[in-house]
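Here's the structure, in structure tokens; my notes come after.
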Amino acid sequence: MKRREFIKNASLTGVGLAVGNSLVGCDETKSKPINEANKTVIADSKRLPLVIATWHVKEATAKAMEVLQAGGNALDAVEQGCMVEEANEKGQSVGKGGLPDRDGNVTLDACIMDKHGNCGSVVYLQNITHAVSVARKVMEETPHVMLAGEGAKQFAISSGFEPEDLLTEASKEAWEKWKVEAKYKPIINIENHDTIGMLAIDKNGDISGACTTSGLAYKMGGRVGDSPIIGSGLFVDNEIGACVATGLGEEVVKTVGSFLVVELMRQGKSPQEACEEAINRIVTKPNSNFKDFQVGYIAVNKKGETGSYSIHQWFSMTKFQDGVNEQIQSDYYNKS
Ligand code: ASP
């Protein structure tokens, strides 16, 4: 079943719960700069670890939580969580089985960022399922942050990744159908894009994040979205918090969305308020055509408070904390 159908069919928890689940009452800290609050308020270790992810990906968050509960760090957790979706051929927006570009090529974008601010990313990667793991290798084993295209693929192969055909029968069929009309315009709430982004805080209170995607379905050959661009698709600052984006990457890039959310949290906003402000920056631009596209953000701060917000309905976050792995429906801007 497609991810958005899951969302519509699932029983959804209101966004109020996401806010109500905060570790520390928002009221007390909202007015203070968060870095000041951090001096006295540290995440409640009883409620750590925690993991959140974009969309409805309970198996992925369960995997990440398994890593965290076993004492693993947040970096291992987000990598292994994202790998679950990359290997899931039924998910047509990530890894193997991802929908191709307009020429029938499946091209992946991914990135990862650790508690030290180290990061790695791959763009336009072909024939390798676990793009997030290649991104981690770029971070850990090269002097670079980003590898693209053939160079990224050759690096992956030389690092031991097996090349394979990522275009499954189902995705090929969907592409053949799309070619009949070949409309390029993304349609909201039609399964044509959906990044898996994941943020985790481990038992030590350290934060890491990752995201992985096959990008906008039927995109132009060579198109790269926000997901592998540090600061746009993902940003982690272990002092403050982290954010990851999904939706139309071009709009996220134009506002450097994830960095913006983290900076807003640095200035004292809660994760929920910061996500809302970042969406506002998009929809209030002069001549914004936001009715035609979706963007969603999820965020966590150092205290373990979380937030999520999108332009349109049906965006959700999966959150695993305190033994509860749940899908939380996001609040959204466009209620008209
Ligand atoms: N942000 C991704 C991109 O634009 C796609 C998505 O999350 O839906 O490539």
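Counting convention: from 1, in listed order, for ligands and their atoms alike.
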Q. Which bit of Gln294 is near ligand 1, meaning a heavy atom under 4.0 Å away: side chain, backbone, both or neither?
A. neither
Q) What part of Thr195, side chain from CB on, backbone N/CA/C/O, both or neither, has a heavy atom under 4.0 Å from ligand 1? A) both
Is there a donor in the side chain of [X] and an acceptor in the side chain of [Y], or the other way round, less than 3.5 Å apart?
X: Thr61; Y: Lys319; answer: no
X: Thr195; Y: Ser227; answer: yes
X: Lys153; Y: Asn127; answer: yes
X: Glu326; Y: Thr318; answer: no
X: Gln126; Y: Thr107; answer: no
X: Thr246; Y: Trp55; answer: yes

Below 4.0 angstrom from a heavy atom of [X], which ligand 1 atoms are there? Numbered from 1 as shown, please.
X: Leu216; result: 9 (O)
X: Thr246; result: 6 (C), 7 (O), 8 (O)
X: Asp226; result: 1 (N), 2 (C), 3 (C), 4 (O)
X: Ser227; result: 1 (N), 2 (C)
X: Gly215; result: 9 (O)

Q | Ionic contact status for Glu140 with Lys137, cut-off 4.0 Å | A | no
(Q) I'd like to know whether ligand 1 has Lys219 as a neighbour, heavy-atom separation below 4.0 Å. (A) no
Can you confirm, on distance only, whether ligand 1 has an N/O atom lying under 3.5 Å from any N/O atom belonging to [X]?
X: Gly225; answer: no
X: Leu248; answer: no
X: Arg223; answer: yes

Q: Please work out which of the three classes, parallel, tilted or perpendicular, describes the rings of Phe235 and Phe259, given edges at 30° and 60°.
A: perpendicular
